[in-house]
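Structure first, then comments.
The figures that follow rest on heavy atoms only: side chains count, while hydrogens, waters and symmetry mates do not. In what follows, every chain begins at residue 1, and chains take the letters A, B, ... in the order their sequences are listed.
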There are 2 protein chains.
Amino acid sequence: MTESARPTLSDVAARAGVSASTASLAFSGSGPVSGATKQKVLAAAAELGYAGPDPRAQSLRRGRSGIVGVVLEERVRAAFLDPVKIQMLDGITEGLASLGAGLLLLTDTGEAGGNAVGIESAPVDAVVLVGCSPRLGQSVEVLRRRGIPSVAIEGDAGDGIPKISIDNREATRRGAEYLRELGHADVALVTLPFDAARTRGPLTPDLELGSTAETASERLAGARDVFPEATGRVAGASSIEEGLEAGRALLADPSHRPTAIIAQSDLLAAGVIQAADELGIAVPGELSVLGFDGIRVDGLQHDLTTLVQPSVAKGRAAGEAVVSLLAGDSPRSVCFTSVLHVGDTTAAPSR
Amino acid sequence: MTESARPTLSDVAARAGVSASTASLAFSGSGPVSGATKQKVLAAAAELGYAGPDPRAQSLRRGRSGIVGVVLEERVRAAFLDPVKIQMLDGITEGLASLGAGLLLLTDTGEAGGNAVGIESAPVDAVVLVGCSPRLGQSVEVLRRRGIPSVAIEGDAGDGIPKISIDNREATRRGAEYLRELGHADVALVTLPFDAARTRGPLTPDLELGSTAETASERLAGARDVFPEATGRVAGASSIEEGLEAGRALLADPSHRPTAIIAQSDLLAAGVIQAADELGIAVPGELSVLGFDGIRVDGLQHDLTTLVQPSVAKGRAAGEAVVSLLAGDSPRSVCFTSVLHVGDTTAAPSR
DNA sequence: CATCGACCTCGAATCGATTCGAGGGCTGCG
DNA sequence: CGCAGCCCTCGAATCGATTCGAGGTCGATG
C-alpha cells in the first residue's frame with residue numbers, strides 16, 4: 001500500500017476513484033469537473049503527499065518548459081563580475097515578469113561535457129543572447145536548428161532575431177569628438193576582444209578585419225571616425241585587470257605616451273587609470289581617460305568620463321521581446337542611445 | 001516529404017532506414033552500433049536538420065533534467081545587487097562544474113502567477129537554498145514533498161538537508177568584543193530582517209522572539225553576548241539604502257547617540273556611515289561602525305572594519321554538496337569561520 | 001412518461017526519447 | 001556442410017501528464 005516512489009497523478013486518481021484524465025482536469029482547473037470530484041482528488045493528493053504534476057512530463061506534453069535561457073558569453077562567474085551584465089539581467093527579469101518564466105543561466109563557451117546542459121540541449125522556450133559574443137554566429141545556428149526563438153542584446157544575429165542594441169559607433173564618436181575638442185590628438189585605444197579566442201595584445205589590422213565582435217568593432221569605428229590613425233591594445237575581457245595590463249603597455253614608454261585613452265568599457269578605463277597611478281601619471285592632468293557603460297566602478301576614486309548606456313532598459317526590452325515572440329508576434333529591433341557623462345577623468349592635454 | 005514541424009528522432013530513423021531505438025543508440029553512443037549504421041543515422045540527421053534529442057523528452061525518460069535550482073530569498077534583481085550573493089553564486093557554479101548542470105534562478109517570494117515556474121514546479125534535479133530566508137520552512141516542505149535533494153546556505157533546513165554556514169554568533173561576538181576592548185559601552189545594532197514580512201523599524205523583543213531568520217538571530221545573539229542590553233533597528237533588507245534609514249533613526253537624537261554601531265552586513269554599515277556623514281558625525285572619531293561580510297562596498301571611502309566571511313567558499317561547498325547528493329551520498333554540513341578585519345571605521349570612543 | 005439536452009467522466013492517443021530483452025544474420029570452426 | 005556463437009538491430013514498454021472526442025447519467029420539459 002505504501003508506495004516507496006513518489007506518487008504520480010495516476011496513483012492519486014486511483015486513490016480518489018477517478019480516472020487519470022479527470023484527476024488532471026481537477027488539478028489544472030481547465031475543463032469541467034464537479035466540486036465533489038475535485039475535492040476527492042485533492043484529498044487523495046494530500047493523503048498521498050502528491051506534490052503536483054511532474055514538470056518534466058508537463059513540459060514534454062505541452063511543448064513548453066516555462067524556462068528562458070540567458071546565454072552569457074563568458075563563464076557565469078565572469079559575467080557576475082561585470083556590472084553591465086548584472087544590470088541587463090535585472091532588466092531581463094523585469095521584462096519577463098509577465099511570463100513568470102524561470103531564468104536559466106547558460107554559457108556559450110564551446111561544447112561542454114557529455115551530459116552538460118549547454119545551449120544545444122537546454123529545455124528552454126526562448127533565449128536571450130547577452131553580450132557581444134564572438135561566438136554568436138555558432139550559437140544562433142544551433143538555436144535556429146532547434147527552433148528556439150531568440151533575442152540578441154548587442155550583436156547581430158541575423159534574420160528574424162530581434163536585436164537590442166545601443167548606438168555604439170555614434171556614442172564613441174561623440175566621446176572621441178569631446179576629446180578632440182579638448183585638444184587631444186594623440187589618442188590610444190583599449191578595446192574589447194575581437195575574436196572568440198579573446199586574443200590579447202596590440203591592436204592589429206589582422207584582428208580588426210577578423211573581428212566577430214560587433215560591439216568592439218563599432219566602438220572602434222566610432223573612435224576612428226575622429227582619430228583615424230588611432231591604435232592601441234586589445235584586452236582579453238572587460239575587467240579592471242585587463243585594463244591595467246593594457247594601460248601598462250600603452251603608458252610604459254614615456255617618449256611615446258598618448259595624451260588620452262579611449263577604453264571600450266568602464267572597467268577597462270578603471271584599469272587604465274590604475275596603471276597611470278602606478279606609473280605616477282596624473283589623471284586627468286597628464287592623461288585623459290574615457291570609458292563606456294556608465295557604471296559605478298568599485299574602488300575607483302574618480303568620477304569617470306564615460307558614455308552612459310541604459311543597461312537595465314536594454315535588458316527590459318529584451319525580456320519584452322521574448323514575451324512578444326512567445327505570443328507569436330514579431331517584435332522589432334530596438335536601438336537605445338547613450339549619453340556622454342563628463343566626469344573628472346578628462347581635461348585638456350598638458351602638451 | 002518536407003516536414004514543416006521540427007524532425008524527431010523517429011523521422012531521422014525512418015530516413016536512415018533504421019528503427020528509432022537504433023537511432024537513439026547511434027546518437028547517445030551508449031550501446032553497440034556499427035559504424036556504417038551510425039554514419040547513416042548522422043547523415044539522415046544532418047539532411048533533416050535534426051538538432052539532437054529533445055531535452056524535455058530526455059529529462060522525462062531519464063528522470064533528470066540536468067538543472068540545479070538556486071533559490072534566492074529576494075527578487076532576482078535584489079540578489080544581483082548584493083555582492084555576497086554574487087560571490088556565493090560564483091562559488092556554486094564552481095562547485096557544480098563537474099556536473100555540467102545549468103543554473104536556474106528561482107525566487108521564493110510566495111506563489112507566483114498560474115503558469116509561473118516557482119519552487120513548487122521547476123524541473124530541477126536539486127536545489128541550493130541561498131541566504132537567510134525567512135520563508136525557508138515553507139520552501140523546504142515543498143522540496144521535501146517533491147523529493148528534490150537540497151542544500152541550504154545559511155539557515156537550518158532540518159533533517160537530511162546539508163547546511164553550509166558560518167560562525168555567525170561567534171564572529172559577531174568577536175567583533176563586539178573588539179569594540180568593547182576599544183572602550184565602547186553604548187552600542188546600537190542594525191539587523192537584517194527577522195521575518196518574512198521584512199518588518200522594518202525598532203528592534204523589539206516581539207520581533208526577536210518571532211524570528212524566522214536564523215542568521216539575523218545568531219548575529220544578534222553574538223552581539224548580545226558582549227552587550228546584553230544593546231538594541232537598535234531592524235532593516236528591511238541588506239542594502240545601503242536600508243542602512244541609511246536605520247542610521248538616521250539611530251543617530252538623529254544627539255543626546256542619545258551610541259558610540260558604536262554593529263551592522264549585520266557591510267551594505268548596512270555603509271548606509272550607517274552615509275547617515276553619519278549626513279549628520280556631520282565623524283567616523284571613526286565620533287562613531288565606530290562594524291560591518292559583516294567583507295565585501296568591497298561600491299563608493300565607500302572607508303576601509304570598513306568588518307567580519308570577513310568566505311562567501312565563495314561557501315558557494316563552492318554548496319555546489320559540491322549537491323554533486324554529492326546526486327551521486328547518492330550524504331554530504332555533511334559545513335561551518336566556515338569568519339575573520340575580523342580591522343579597518344578605519346572603528347576607534348576608541350571620543351570620551 | 002418519454003425524449004432531449006446538458007454536464008461530467010472516461011479511454012485512448014500523444015508528446016519524444018530511452019532501454020532491455022529478444023531475435024536475426026553472419027562468421028568461423030568442427 | 002552444419003551448427004554454435006557473437007554482434008547488431010528491432011519491438012515494445014515506459015517515463016507522467018494532457019487533451020479530445022465519445023459515452024453515460026441525471027434532470028427537465030413537453
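- Rounded to whole angstrom, the span from the CZ atom of B:R6 across to the P atom of C:dC15 amounts to 13 Å.
- In this structure, NZ of B:K38 is placed 19 Å from C1' of D:dC10, rounded to the nearest angstrom.
- Between the C1' atom of C:dT9 and the CZ atom of A:F27 lies a distance of 17 Å, rounded to the nearest Å.
- Contact annotation: B:T8 side-chain N/O to C:dG16 OP1/OP2 distance is not under 4.0 Å.
- For the pair A:D54 CG and D:dA17 P, the interatomic distance rounds to 6 Å; values are reported in whole Å.
- Among the nucleotides C:dA17, C:dC10, C:dT19, the one closest to the side chain of B:L9 is C:dA17.
- Residue A:T22 places none of its side-chain N or O atoms closer than 4.0 Å to OP1 or OP2 of C:dT9.
- Side-chain atoms of A:S34 and A:T37 form a donor-acceptor pair, as typed in the model, at a separation below 3.5 Å.
- Distances were taken from every side-chain heavy atom of A:S21 (C-beta onward) to each of C:dT9, C:dA12, C:dT18; the shortest belongs to C:dA12.
- Under 4.0 angstrom from either OP1 or OP2 of C:dT9 there lies at least one side-chain N or O belonging to A:S34.
- For A:Y50, no side-chain nitrogen or oxygen approaches OP1 or OP2 of D:dG16 to under 4.0 Å.
- As a whole-Å value, the separation of A:R64 CZ from C:dT14 P is 23 Å.
- In this model, no side-chain donor or acceptor of B:R62 finds a partner on the base of C:dT18 within 3.5 Å.
- Between the side chain of B:S19 and the base of D:dG11, no donor-acceptor pair of N or O atoms lies under 3.5 Å.
- Under a 4.0 Å N-O distance rule, the pair A:R15/A:E47 qualifies as a salt bridge.
- The CG atom of B:L25 sits 10 Å away from the P atom of C:dC20 (whole-angstrom rounding).
- The residue among B:L60 and B:A36 whose nearest nucleotide of DNA chain D is located toward the 5' end is B:A36.
- Proximity note for B:R61 (side chain, C-beta onward) versus D:dT18, D:dG16, C:dT18: the nearest is C:dT18.
- Side-chain N/O atoms of A:S65 and A:D125 include a donor and acceptor closer than 3.5 Å.
- Remark: B:Q58 is in phosphate contact with C:dT18, judged by side-chain N or O atoms under 4.0 Å from OP1 or OP2.
- Using a 4.5 Å heavy-atom cutoff, the side chains of B:L104 and B:L106 are in contact.
- Separating the CZ atom of B:R146 from the P atom of D:dA17 is a distance of 11 Å, rounded to the nearest angstrom.
- Rounded to whole Å, atom P of C:dT9 lies 8 Å from atom NZ of A:K40.
- Comparing C:dT18, C:dC10, D:dC8 against the side chain of B:P32 picks out D:dC8 as the nearest.
- Checking A:E154 against A:S165 by side-chain atom types alone, no donor-acceptor pair falls below 3.5 Å.
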